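Residues take their numbers from the sequence shown, with the count starting at 1. No hydrogens, no waters, no symmetry mates; every other heavy atom, side chains included, goes into these values. Numbering of ligands and ligand atoms starts at 1, following listing order. Worth saying up front: this structure is predicted, and the values here are computed from it rather than measured.
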Amino acid sequence: MSSNSTKKPWGGRFKEQTAPIVERFTSSVEFDNRLYRHDIQGSIAHARMLARVGILKESEMNAILQGLTSILHDIEQNNFEWKQSLEDVHMNIERELANRIGEPGKRLHTARSRNDQVATDVRMYLRDEIDRISALLTDMQRSLYHQAERYPNLIMPGYTHLQPAQPVLWGHHMLAYYEMFKRDRERLADVRKRVNILPLGSAALAGTGFPIDRHFVAEQLGFEAVSRNSMDAVSDRDFIVEFLGAASLIMVHLSRLSEDIILWNSSEFGFVELPDGFCTGSSIMPQKKNPDVCELTRGKSGRVFGHLMAMLTILKGLPMTYNRDLQEDKEALFDAIDTVTISLAVMAAMVEHMRPRPEHIQQSLPRGLLTATDLADYLTRKGLPFREAHEVVGRIVAWCIENKKDLAEMTLTDLKTHHPLIEEDIFPLLTYAGSVASRTSYGGTAQQNLLDMLKTIACELEKS
Ligand code: ARG
């Protein structure tokens, strides 16, 4: 990056040079140069449109297209010198174009402003990133589906308040996360609709007197619609807030999954074995195998929430229309994209390779008296009001704790001393498998539900 002061494209009315510290302070090219491809695509469409409506000669347009293509090539070959003195990606490319092709290059900026240009670039860039992140979400969903499909019979304790609650299928637990990531994809698809609207042609803020054809540009660039109000178009960044909201929820879901896995990987739970390749060791304690991938993901969620808050704060006091504050949108957006991308990719790979430890999970089941609700439901079906049944089973549970037994280990005589309605037919219901099998309400953990859902999801995944 070079920073020797260059004549500014806007320098006409200035007598003195920009102070070096101001140049550093106002420049964004260090981070917005990642928009170069979309900036060039946008300029190509703009130049085509200008020629189509007669503002540029065919020959001028061709020179511009050639110049831009050669610049694109050089940037991609890492053969392009970005100049801090030229502020941002837009002016760097435009100035280089004029250097390469002369006068036609200076005509490209007709009927446009950096204000509508930057809004267009960011929307195109974000559109592509949304598509990439959606594909990563599908990878994550696929990993979760595989986990559910591989161990369809595995029963584990389900928790509320982090207290053992009722037995559930491992697969049911995995598919709970599948649902979260499914909604995340839907949310991104919804945000994308509002991202995919063309601001170009709004010019600085008021539109332009040149006879431009915005619909032609929209079509060239794959935009669904053109913005309806030029003032809104150059100053709106709510599409970024919406994306950051969707990104934050993805991080919430990744962070919750991380927390589950961290617990399961602890020696206290011992429910999963993480692949060595996804853990790190301790420099002092040789026995450690730490779930750092999960911890970092949980930690990185904070960065993304921070960017969401930053963006809301940047916008809240802005008078209409464009203000330079808006340049602060980019680092927040870019870092959120990078963070979500790497977190999703690494977590999807880890979930794919994680292995449950059925023996350990099984050993933990009796600790929870997990079938107490089943016993209460049994008494309720026999005619006892549920509240009374709850009370009776509460006393049975206290007995079990005192006598260090699980419910299924009690004798019928013991059970009957607590309530005469209890018969031999209670025993199948007190097993974990029996309990799981009984949860047949739609969306419940019964095995048949899981098998049906796996089929539905296999179809969903095939389509995405
Ligand atoms: N780099 C600026 C941004 O990101 C581009 C628009 C600047 N417009 C202006 N009139 N200074 O927002």
Review point. Is there a heavy atom in E87 that sits closer than 4.0 Å to ligand 1?
Key: no
Exercise for review: For Y432, check ring pair (Phe, Tyr, Trp, His ring centres under 6.0 Å) against everything at least two apart and list the hits.
Suggested key: none
Review point. Looking only at distance, does H90 have an N or O less than 3.5 Å from an N or O of ligand 1?
Key: no
Point to revise | R123 NZ/CZ over F239 ring centroid, <6.0 Å and within 45° of normal | key: yes
Considering only protein heavy atoms, which is closest to [atom], and at what distance to one decimal place?
| atom | value |
| --- | --- |
| atom 5 (C) of ligand 1 | D88 OD2, 3.5 Å |
| atom 10 (N) of ligand 1 | N115 OD1, 3.4 Å |
| atom 11 (N) of ligand 1 | R114 NH2, 3.5 Å |
| atom 12 (O) of ligand 1 | Y322 OH, 2.3 Å |

Check your understanding: For R228, does the CZ atom have more than 12 heavy-atom neighbours from other residues, nucleotides or ligands under 6.0 Å away?
Key -> no
Relative to the heavy atoms of [X], which atoms of ligand 1 are at a distance of less than 4.0 Å?
| X | value |
| --- | --- |
| K330 | 3 (C), 4 (O), 12 (O) |
| S28 | 1 (N) |
| Q327 | 1 (N), 2 (C), 3 (C), 4 (O), 12 (O) |

Practice item. For E103, enumerate each residue passing the salt bridge (charged side-chain N to carboxylate O under 4.0 Å, His left out) test, keeping only those at least two apart in sequence or located in another chain. Key: R107
Check your understanding: Less than 6.0 Å separating the ring centroids of F80 and Y36?
Key -> no
Review point. Between H173 and W264, is the gap from one ring center to the other below 6.0 Å?
Key: yes
Exercise for review: For R34 and D338, run salt bridge (charged side-chain N to carboxylate O under 4.0 Å, His left out): C-alpha distance rounded to whole Å, both residues' side-chain angles, the deciding distance at 0.1 Å, then the answer.
Suggested key: CA-CA 12 Å; R34 76 156 87 182; D338 293 346; 2.8 Å; yes
